[in-house]
Structure formats: structure tokens, C-alpha cells
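Every value quoted in this text rests on a predicted model; they were computed, and no experiment measured them.
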Amino acid sequence: MPDLPIERFWEILEYVPAPLQPCYVTMAAGGLGPGEYLRCEEHHMMPLTHGLKVVGTKHGRKGGQVVYFGERTWEWVRQAIPCPVGYYTLRAVWLRACTAVGQQDRRLYDLRHCTAQWATDAGMSEARVQTVMRHKTASMTRQYARTRDKGEAAKEIDRAMFEKVDVKVMNE
């Protein structure tokens, strides 16, 4: 599970050279793994519907599926396809930017997972997230909902423990 809120994603992007920023936005908005993204070419773009035919690298996604983007995101996608650099540069730039904001443990593939977590956290149904992520089974998608549910439960427990009492912070 990625521990990467949307706000932190944009903060990381500030440390990415401007010509490469659309690459990471496209991966995160489309739920694309690096291999899927790097295979995208201009002829895969569907500009009238803001779709991108993605030829996957995982079993079951080899035939190519269409990933759709919102209108604002499409402008980033247009600039990102084809990727102007290879995998190792894309990865190195991402890791350098993550390190700049103290997120050394980030992987390039985390951007795919962010899509599902951000969609789930925003209240999108598990069935829709499954469709967006191109997961074969609901159980693959359920892990993101469990993460959201655990976070919501933690907030409720926090509220129950501290709302009605005046507890001082430790070591004050």
C-alpha cells in the first residue's frame, strides 16, 4: 500500500524537471505501471474520448485495454506520450524527487497503487476501482478499501479516546 497522499505527490513533482512531470501524472491518474506506460505510443491515444489504449505487462492485460482520463488530466497525457526517456531515467528522476521530500522508500510502481488508494479514499465504489485498475478479481481491489476502513476506524477511536477528556501530550 502506498503511503502517498495526493498533496505529497504534487510536492514530489515540484522536484521533477517540467518536461517529465506529465509522465508521472499520467501514470498516477491512469493506474499505469512503468512497463505499461513506457509501451504507450501516440497511435494508442484516443483524443476524442480521452482514452489511451494500454498494452499491459501482467498476465491477463496483454490484449490492451483502454484507460480513460478526465479533461484536465488529458492535457498532461498528451504531453507524456510517448515517454521522452527510458525506464532507468524515469525511475532515477522519481527516486531523486522522492528523496528530496524525505520519501526515500518510494518506488516508481507505487504510482499505480496510488490510483486505487486515492480513488477508494475519495469514496469510489470498489467495483469502479476494480474497473479502473483492470483487476481480475474483487479481492485484489479490496485491499485498498481495507486500508481506507482502517484509517477511518483509527480516526473514530482517536475521537472516542480524546474527545471528552483533557489529556495532555506526553512529555510536556
Minimum heavy-atom separation for Pro22 to Ala18, with atom names? CD-O, 3.4 Å
Tell me, with the steps shown, if Val85 and Val93 meet side chain to side chain contact (heavy atoms under 4.5 Å, CB included). CA-CA 10 Å; Val85 297; Val93 169; over 6 Å; no
I would like to know whether Trp118 and Phe9 meet ring-ring contact (aromatic ring centres under 6.0 Å, His included); could you show each step before the answer? CA-CA 11 Å; Trp118 296 343; Phe9 167 76; 5.5 Å; yes
State, yes or no, whether a side-chain contact exists between Thr115 and Leu32 at a heavy-atom distance under 4.5 Å. no
Partner set under side-chain hydrogen bond (donor to acceptor under 3.5 Å, both in side chains) for Gln79, not counting sequence neighbours: none
To the nearest 0.5 Å, tell me how far Cys83 SG sits from Leu38 CG. 5.0 Å
Enter the distance from Asp105:CG to Leu95:CG here, rounded to the nearest 0.5 Å. 10.5 Å
Report whether Val66 and Trp76 are members of the same hydrophobic cluster (ILVMFWY, side-chain heavy atoms less than 4.5 Å apart, transitive linking). no
Is there a side chain to side chain contact (heavy atoms under 4.5 Å, CB included) between Lys53 and His43 once you walk through the steps? CA-CA 9 Å; Lys53 185 173 182 183; His43 67 274; over 6 Å; no
Counting distance only, does the side-chain N/O of Arg106 pair as donor-acceptor with the main-chain N or O of Cys98 below 3.5 Å? no
Connected via hydrophobic side-chain network under 4.5 Å: Ile6 and Leu13: yes
Evaluate Arg107 against His113 for side chain to side chain contact (heavy atoms under 4.5 Å, CB included), listing each step before the verdict. CA-CA 10 Å; Arg107 302 172 309 146; His113 294 295; 3.9 Å; yes
Quick one: do Leu52 and Tyr68 end up in the same hydrophobic cluster if we chain Ile, Leu, Val, Met, Phe, Trp and Tyr together by side-chain heavy atoms under 4.5 Å apart? no
Is the shortest heavy-atom distance from the side chain of Thr26 to the side chain of Phe69 under 4.5 Å? yes
More than 12 heavy atoms of other residues, nucleotides or ligands under 6.0 Å from CZ of Arg8: yes or no? yes
Is any side-chain heavy atom of Trp10 less than 4.5 Å from a side-chain heavy atom of Val25? yes
Minimum side-chain heavy-atom gap Val54-His44 below 4.5 Å: no
Please say yes or no: joined through hydrophobic side-chain contacts below 4.5 Å, possibly via intermediate residues, are Leu20 and Tyr87 part of one cluster? yes
Pro34 versus Met27: any side-chain heavy-atom pair under 4.5 Å? yes
Gln104, CD: over 12 other non-hydrogen atoms inside 6.0 angstrom: yes
Evaluate the side-chain proximity of Val16 to Gln21: yes if any heavy-atom separation is below 4.5 Å, no if none is. yes
Which one of Tyr88, Tyr109, Tyr15, Tyr24 satisfies the ring pair (Phe, Tyr, Trp, His ring centres under 6.0 Å) criterion with Trp94? Tyr24
Compare every heavy atom of Arg112 with every heavy atom of Gly33, then report the nearest pair and how far apart it is. N-CD, 3.9 Å
Aromatic rings His50 and Trp74: how do their planes relate, parallel, tilted or perpendicular, breaks at 30° and 60°? parallel
Side chain to side chain, Leu90 and Cys23, heavy atoms closer than 4.5 Å: yes
